[in-house]
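Down below is the structure, laid out as structure tokens.
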2 protein chains.
Amino acid sequence: MPSEINTGLLLLIPYRSMESRVFEELAAAGFDDITPSQARVFQRIAPGGNRLGDLARQAGITKQSAGFLVDQLEALGYVHRVPDPDDGRARLVRVGERGALAVEAAAVVVARIEAEWTAHLGARRMAQLRQILGDLREITDPWA
Amino acid sequence: MPSEINTGLLLLIPYRSMESRVFEELAAAGFDDITPSQARVFQRIAPGGNRLGDLARQAGITKQSAGFLVDQLEALGYVHRVPDPDDGRARLVRVGERGALAVEAAAVVVARIEAEWTAHLGARRMAQLRQILGDLREITDPWA
DNA sequence: AGCCTTTCGTCAGAGAATCTGACGAAATTT
DNA sequence: AAATTTCGTCAGATTCTCTGACGAAAGGCT
């Protein structure tokens, strides 16, 4: 029978596969001092930078935890914080030099994995998958 | 534009939504002493029971961590351990009485969420989603 | 039989990640 | 101006996870 496995687990399996592969290959490429938790925050940083609270909400953790992880990312040179010109209380977390290199390296790995998935599923179904997930985001993304 | 967001994150968003909702509603139903980490191990337990090492591999954690979590699940009455008749070193982790009730309650919530998703996507596309994810599992499930 | 070697689970200890609660500073509202 | 809210941090505790080492049992190999 065509799998009575619940849809949640069905989503988690490929996610985990991608995450662990990106993580491994990044480590092999010299970015071996970043942890998965740090990476999950890091990957949410937008081009213009984000406030700490935004990152926390998007990553689904408290702002204290996000602050803890950003401190480490900053010490490792992946990000830096700049004052928020619009709000004296806040600072913006921005991708730094080393972070930009990591982003680039990660994008290469992600592209390769997506290509493998496309090869397995066919371009048409890969596009359907992304389309459907995008639609699902409308009712499942607390941040969208 | 149709989202250049990477497919991994696209998978994670609905997963997290489902996980957190199941978790919340389970807590509201009286299963409020279980943690997400415990639940991620618990949900892998098969009808006949599993060895600790199996659970660890499936959950992607070390056997020590799995042991730690199963100890707690056992203390809370969700599971129990029985000797493995085929191997004197091993024991089987089995779902206990209270665990079975939690499984039942979780299944109800999962079914409701899947119904919501189906209502949003349409039955046809929901089926496509599950079909495609099932296929993707062939190359992404280290356990399958 | 008797010895490796591997596998299963646990113990011990350390480290990482997360949370709750409380706080000062700045922004916003009244 | 004062009260309220929001932003980030500090402090402390808990939870989760890992590495390393170990005894017990199983399986292989002379």
Side-chain angles (χ1 to χ4, degrees), chain A residues 12 16 19-20 23-24 27 31-46 48-76 78-94 143, chain B residues 12 16 19-20 23-24 27 31-46 48-76 78-94 143:
Chain A
L12 183 61
R16 282 256 277 245
E19 186 185 61
S20 57
F23 193 72
E24 283 165 18
F31 301 103
D32 56 349
D33 50 3
I34 196 170
T35 68
S37 292
Q38 289 162 10
R40 281 190 282 267
V41 169
F42 180 74
Q43 76 176 335
R44 308 279 183 154
I45 302 175
N50 300 72
R51 292 188 184 177
L52 190 61
D54 291 354
L55 290 178
R57 252 168 290 156
Q58 287 186 57
I61 57 180
T62 62
K63 56 188 178 175
Q64 292 92 327
S65 297
F68 175 78
L69 295 168
V70 169
D71 283 347
Q72 298 174 322
L73 287 167
E74 194 168 26
L76 294 171
Y78 288 104
V79 307
H80 55 101
R81 293 191 240 219
V82 298
D84 184 338
D86 300 336
D87 191 329
R89 297 164 300 179
R91 287 191 289 168
L92 294 176
V93 179
R94 283 220 174 117
W143 182 251
Chain B
L12 183 61
R16 281 254 278 245
E19 188 186 59
S20 58
F23 193 72
E24 281 165 20
F31 302 103
D32 57 349
D33 51 2
I34 196 169
T35 68
S37 292
Q38 289 161 11
R40 281 191 281 267
V41 169
F42 179 73
Q43 77 176 335
R44 308 280 183 154
I45 302 174
N50 299 72
R51 293 188 183 177
L52 190 61
D54 290 355
L55 290 178
R57 252 169 291 158
Q58 286 186 59
I61 57 179
T62 62
K63 57 189 179 176
Q64 291 94 326
S65 296
F68 175 79
L69 296 168
V70 169
D71 284 347
Q72 297 173 323
L73 287 167
E74 194 168 27
L76 294 171
Y78 288 104
V79 307
H80 55 99
R81 293 191 239 218
V82 299
D84 184 338
D86 299 337
D87 191 329
R89 297 164 301 179
R91 289 191 288 169
L92 294 177
V93 180
R94 285 220 173 114
W143 183 251

Using whole Å, report how far [atom1] of [X] lies from [atom2] of [N].
X: Asp33(A); N: dA16(C); atom1: CG; atom2: P; result: 12 Å
X: Asp71(B); N: dG9(C); atom1: CG; atom2: P; result: 12 Å
X: Phe23(B); N: dC19(C); atom1: CZ; atom2: P; result: 11 Å
X: Leu55(A); N: dT9(D); atom1: CG; atom2: C1'; result: 16 Å
X: Arg51(A); N: dA27(C); atom1: CZ; atom2: C1'; result: 10 Å
X: Asp54(B); N: dC8(C); atom1: CG; atom2: C1'; result: 11 Å
X: Ile61(A); N: dT15(D); atom1: CD1; atom2: C1'; result: 15 Å
X: Asp84(A); N: dG8(D); atom1: CG; atom2: C1'; result: 12 Å

Nucleotide of [options] approaching [X] most closely (side-chain heavy atoms):
X: Asp87(A); options: dC18(D), dT6(C), dA27(C); result: dA27(C)
X: Gln38(A); options: dA21(D), dA17(C), dC16(D); result: dA17(C)
X: Arg89(B); options: dT20(C), dT6(D), dT7(C); result: dT7(C)
X: Ala90(A); options: dT17(D), dG21(C), dC7(D); result: dC7(D)
X: Arg91(B); options: dA21(D), dT7(C), dG9(C); result: dG9(C)
X: Ser65(A); options: dG8(D), dG9(C), dC19(C); result: dC19(C)

Under the criterion side-chain contact (heavy atoms from CB on, under 4.5 Å), which of Leu92(A), Asp71(A), Leu73(A) is the partner of Val79(A)?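 Single side-chain contact (heavy atoms from CB on, under 4.5 Å) partner of Val79(A) among Leu92(A), Asp71(A), Leu73(A): Leu73(A).
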
Of all heavy-atom pairs between Leu76(B) and Gln38(B), which one has the smallest distance, and what is that distance?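 For Leu76(B) versus Gln38(B), the nearest heavy atoms are CD1-OE1, 3.8 Å.
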
Heavy-atom pair of closest approach, residues Ala27(A) and Asp32(A):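 Distance-wise, the nearest heavy atoms are O-CB, 3.7 Å.
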
Tell me whether the OP1 or OP2 atom of dA17(C) has a side-chain N or O from Thr35(A) closer than 4.0 Å.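 Yes, Thr35(A) has a side-chain N/O under 4.0 Å of OP1/OP2 on dA17(C).
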
Please determine whether a side-chain nitrogen or oxygen atom of Ser37(A) lies at a distance below 4.0 Å from atom OP1 or OP2 of dT18(C). yes

Name the nucleic acid region contacted by Arg81(B), choosing base, sugar-phosphate or nothing; use a 4.0 angstrom heavy-atom cut-off, strictly under.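 Touches sugar-phosphate only.
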
Parallel, tilted or perpendicular for Phe42(A) and Tyr78(A), by the 30°/60° rule?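 Phe42(A) vs Tyr78(A) ring planes: perpendicular.
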
Of Pro36(A) and Asp86(A), whose nearest nucleotide on DNA chain C comes first from the 5' end?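 By nearest-heavy-atom nucleotide position, the 5'-most residue is Pro36(A).
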
Rounded distance [0.5 Å steps], CG in Asn50(B) versus CZ in Arg44(B): 10.5 Å

Answer yes or no: side-chain N or O of Gln64(A) and base N or O of dG12(D) forming a donor-acceptor pair under 3.5 Å. no

Where each residue is assigned the nucleotide of DNA chain D containing its nearest heavy atom, which of Gln72(B) and Lys63(B) is assigned the position nearer the 5′ end?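 With Gln72(B) and Lys63(B) compared, the 5'-side residue is Gln72(B).
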
